[in-house]
Amino acid sequence: MSVRKRTWTNKDGAQSVRWICDYRDRTGKRHAESFERKKDATDRAAEIATDTKAGRHVPRSRSITVAEAGENWIEQAETIDKLQRTTVTRYRAHLKIHILAHLGHHKLSDLRAPD
């Protein structure tokens, strides 16, 4: 895992700077995320290292959305848990009204405790 500085010159001649957090996931696939500040890149690198060691890191590119996770939850309630139809209907309503309306388009890897 590395944090490095990337600089380049734009077409108009102005210099641009980004900080790159470059790492490999558990499968060996390389990922990179860019940040405006070095502190943000180093903080993200530390977070990724901790999550990878604990076995819970999923790269943003492979993370599913909250909507997809909600549908998986409903499907499990119907098929695996075999909950009653009224319970599943209530779950669907809660998912649609309270969760998808606010967070449905977000990726799970982007969510934090305050969300």
Side-chain angles (χ1 to χ4, degrees):
M1 183 168 313
S2 69
V3 173
R4 57 187 160 78
K5 184 178 183 179
R6 179 176 183 258
T7 59
W8 69 93
T9 304
N10 296 329
K11 290 181 181 179
D12 62 358
Q15 286 279 344
S16 292
V17 176
R18 295 291 283 185
W19 290 90
I20 309 296
C21 174
D22 190 9
Y23 67 97
R24 293 189 183 275
D25 63 12
R26 290 181 294 175
T27 63
K29 186 174 179 187
R30 186 176 177 193
H31 301 276
E33 297 179 20
S34 65
F35 301 89
E36 291 183 13
R37 300 182 319 163
K38 182 178 182 179
K39 181 185 182 331
D40 295 336
T42 54
D43 288 351
R44 180 66 176 143
E47 179 183 345
I48 290 169
T50 302
D51 288 350
T52 301
K53 188 174 183 178
R56 63 178 177 253
H57 175 69
V58 175
R60 186 179 194 284
S61 62
R62 293 197 345 226
S63 180
I64 63 173
T65 63
V66 172
E68 293 169 324
E71 285 305 314
N72 292 345
W73 174 54
I74 295 296
E75 184 180 325
Q76 177 180 336
E78 290 175 327
T79 59
I80 298 171
D81 299 339
K82 298 192 187 308
L83 298 178
Q84 291 183 2
R85 189 178 71 245
T86 54
T87 302
V88 174
T89 302
R90 193 176 67 236
Y91 283 2
R92 260 189 222 287
H94 283 296
L95 179 66
K96 181 180 176 186
I97 296 168
H98 300 290
I99 299 171
L100 297 183
H102 303 288
L103 299 171
H105 63 283
H106 291 284
K107 291 202 172 233
L108 289 178
S109 63
D110 292 342
L111 294 181
R112 301 291 175 254
D115 296 331

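A quick note: this is a predicted structure, and the numbers were derived from the prediction, not measured.
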Problem set entry | Side-chain heavy-atom pair Arg90, Arg85 within 4.5 angstrom cut-off | no
Exercise. Taking only residues two or more places apart in sequence or in another chain, which ones pass ring pair (Phe, Tyr, Trp, His ring centres under 6.0 Å) with His31?
Worked result: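 Ring pair (Phe, Tyr, Trp, His ring centres under 6.0 Å) list for His31, sorted by chain: Tyr23.
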Problem set entry | Results of salt bridge (Lys or Arg N to Asp or Glu O under 4.0 Å) for Arg37 - residues two or more places apart only | Asp40
Exercise. Considering residues at least two apart in sequence or located in another chain, which fulfil the salt bridge (Lys or Arg N to Asp or Glu O under 4.0 Å) criterion with Lys29?
Worked result: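 By the salt bridge (Lys or Arg N to Asp or Glu O under 4.0 Å) rule, Lys29 matches no residue at all.
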For this session: Please list, chain by chain and in numerical order, all residues satisfying side-chain contact (heavy atoms from CB on, under 4.5 Å) with Thr86, sequence neighbours excluded.
Result: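 Gln84.
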Problem set entry | Partner residues of Glu75 under the side-chain contact (heavy atoms from CB on, under 4.5 Å) criterion, sequence neighbours left out | Thr79
For this session: Could you list all the salt bridge (Lys or Arg N to Asp or Glu O under 4.0 Å) pairs where at least one residue sits in residues 4-18, not counting sequence neighbours?
Result: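 Checked against salt bridge (Lys or Arg N to Asp or Glu O under 4.0 Å) - neighbours excluded - the pairs reaching residues 4-18 are Arg4-Asp22, Arg18-Glu36.
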Seminar exercise, completed: Residue pairs meeting salt bridge (Lys or Arg N to Asp or Glu O under 4.0 Å), one or both in residues 44-54, sequence neighbours left out, come to Glu33-Arg44, Arg44-Glu47, Glu47-Arg112, Asp51-Arg56
Exercise. Got a sec, which residues hit side-chain hydrogen bond (donor to acceptor under 3.5 Å, both in side chains) with Gln15, two or more places apart in sequence or on another chain?
Worked result: Thr9
Considering only Ile, Leu, Val, Met, Phe, Trp and Tyr, and joining two whenever side-chain heavy atoms are under 4.5 Å apart, list the other residues clustered with [X].
X	result
Phe35	none
Trp19	Val3, Val17
Ile99	Ile64, Val66, Trp73, Ile74, Leu83, Val88, Tyr91, Leu95, Leu100, Leu103, Leu108, Leu111
Ile97	none

For this session: List the atom of Thr65, the atom of Gly104, and the distance in Å for their closest heavy-atom pair.
Result: CB-O, 3.7 Å
Seminar exercise, completed: In terms of heavy-atom contacts, His105 and His102 come closest through CE1-O, 4.1 Å
For this session: Measure the NZ-OG1 distance between Lys82 and Thr87 for me, rounded to the nearest 0.5 Å.
Result: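 If we round to the nearest 0.5 Å, Lys82:NZ and Thr87:OG1 are 14.5 Å apart.
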For this session: Using atom types as modelled and distance alone, determine if a side-chain donor or acceptor of Asn10 lies under 3.5 Å from a backbone N or O of Gly13.
Result: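 Here the side-chain-to-backbone pair does not exist.
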